[in-house]
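Read through the structure below, which is laid out as structure tokens, and then see the notes.
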Amino acid sequence: MDCLFCKIVAGEIPAQVVYQDDSTYAFRDIHPQAPTHVLVLPRKHIASLAHAEAGDQALLGHMLQVSARLAIQEGLGEGFRLIVNTGSDGGQTVDHLHIHVLGGRAMHWPPG
Ligand code: AMP
Ligand code: ZN
């Protein structure tokens, strides 16, 4: 499958990996939008949040917990933001589900 993030998970494309376990993988975003910008994704290919199925519930919950744990590990105790861009209007550019973990500066609202 021609998926950038599947290739990173397979070790075919290098990334700054910060966490991995049986079902998830996390690495630093190549174009960080904040002092900390990590992407948390499932090892298995799910095209987007809209493509997740009923059987993915535990995996999705695990990804949220991994994201929060990583944020704390990264020193983001003052707060952080999780983003899941979904589909073209949602600003998704890589079609492999991922959670952006952003922090290290004050976030703005509403987002652009
Ligand atoms: P999204 O636009 O929500 O689909 O997010 C895709 C993210 O992947 C963007 O923030 C990109 O900067 C990031 N990205 C693209 N290529 C790479 C790469 N090779 N390594 C790490 N992050 C990447
Ligand atoms: Zn993929």
Side-chain angles (χ1 to χ4, degrees):
M1 191 186 305
D2 196 26
C3 169
L4 175 65
F5 286 177
C6 280
K7 287 180 180 161
I8 289 178
V9 169
E12 292 165 17
I13 291 176
Q16 272 188 274
V17 179
V18 293
Y19 176 81
Q20 54 180 307
D21 64 26
D22 285 355
S23 60
T24 68
Y25 208 79
F27 50 86
R28 297 198 188 280
D29 197 291
I30 204 165
H31 295 303
Q33 301 301 315
T36 291
H37 188 170
V38 168
L39 303 174
V40 177
L41 41 139
R43 278 183 184 271
K44 75 166 187 175
H45 184 85
I46 299 174
S48 80
L49 188 57
H51 292 78
E53 296 172 352
D56 295 320
Q57 259 190 27
L59 173 61
L60 295 176
H62 181 58
M63 285 170 59
L64 280 177
Q65 289 198 312
V66 165
S67 300
R69 261 190 256 134
L70 281 176
I72 299 304
Q73 247 176 55
E74 292 281 322
L76 306 181
E78 295 298 310
F80 55 88
R81 183 170 291 173
L82 305 185
I83 296 174
V84 184
N85 295 327
T86 304
S88 52
D89 272 5
Q92 185 175 5
T93 59
V94 177
D95 290 337
H96 182 131
L97 170 63
H98 50 281
I99 299 175
H100 294 258
V101 181
L102 292 154
R105 66 168 171 82
M107 296 293 156
H108 307 290
W109 195 263

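All values reported here derive from a predicted model rather than from experimental measurement.
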- Side chains of V18 and R28 in contact at under 4.5 Å (non-hydrogen atoms): yes
- Task: Mind listing the closest non-hydrogen atom pair of H98 and L39 along with its distance?
- Result: CD2-CD2, 4.1 Å
- Note on the structure: Nearest heavy-atom contact between A47 and Q92 is O-NE2, 3.0 Å
- Task: Please report the shortest heavy-atom distance between G77 and I72, naming the atom on each side.
- Result: CA-CD1, 4.4 Å
- Message: Show, in sequence, the C-alpha distance, side-chain angles and deciding distance for R69 and Y19, and conclude whether the side chain to side chain contact (heavy atoms under 4.5 Å, CB included) test is met.
- Response: CA-CA 10 Å; R69 261 190 256 134; Y19 176 81; 4.2 Å; yes
- Message: Here's a test for you: under side-chain contact (heavy atoms from CB on, under 4.5 Å), which of L82, V101, L64 qualifies with V40?
- Response: V101
- Nearest heavy-atom contact between H108 and R81 is O-NH1, 2.8 Å
- Item | Sub-4.5 Å side-chain heavy-atom contact between I8 and L41 | no
- Check whether F80 and V84 end up in the same hydrophobic cluster, where Ile, Leu, Val, Met, Phe, Trp and Tyr are linked by side-chain heavy atoms less than 4.5 Å apart. yes
- Message: Same cluster or not: V9 versus L97, using hydrophobic residues (I, L, V, M, F, W, Y) connected whenever any side-chain heavy atoms lie under 4.5 Å apart?
- Response: no
- Query: Heavy-atom count around D89 CG within 6.0 Å, excluding the residue itself: above 12?
  - Reply: no
- Is the closest side-chain heavy-atom distance between D56 and H51 below 4.5 Å? no
- Message: Please determine whether the number of non-hydrogen atoms from other residues, nucleotides or ligands lying under 6.0 Å from atom CD of E78 exceeds 12.
- Response: no
- Interatomic spacing from CG in L70 to OG1 in T36 - rounded to 0.5 Å: 10.0 Å
- Item | ILVMFWY network linking Y25 to I13, side-chain heavy atoms under 4.5 angstrom | yes
- Task: Say whether L102 and M63 are linked into one hydrophobic cluster, either directly or through other cluster members, by side-chain heavy-atom distances under 4.5 angstrom.
- Result: no
- L49 reachable from V38 in the ILVMFWY side-chain graph, under 4.5 Å edges: yes
- Can we say D2 and K7 salt-bridge, meaning some charged N sits less than 4.0 Å from an Asp/Glu carboxylate O? yes
- Message: If you define the side chain from C-beta out and look only at heavy atoms, does anything of T24 sit under 4.5 Å from L59?
- Response: yes
- Item | Test side chain to side chain contact (heavy atoms under 4.5 Å, CB included) applied to D21 and H62, step by step | CA-CA 11 Å; D21 64 26; H62 181 58; 2.7 Å; yes
- Task: Find the distance between SG (C3) and NE2 (H96) and round it off to the nearest 0.5 Å.
- Result: 5.5 Å
- Task: Would you name the heavy atoms of F27 and V17 that are closest together and state the gap between them?
- Result: CB-CA, 3.9 Å
- Sole residue of H100, H31, E74 in side-chain hydrogen bond (donor to acceptor under 3.5 Å, both in side chains) with H37: H100
- Note on the structure: Residues S48 and T86: closest non-hydrogen pair is OG-CG2, 3.9 Å
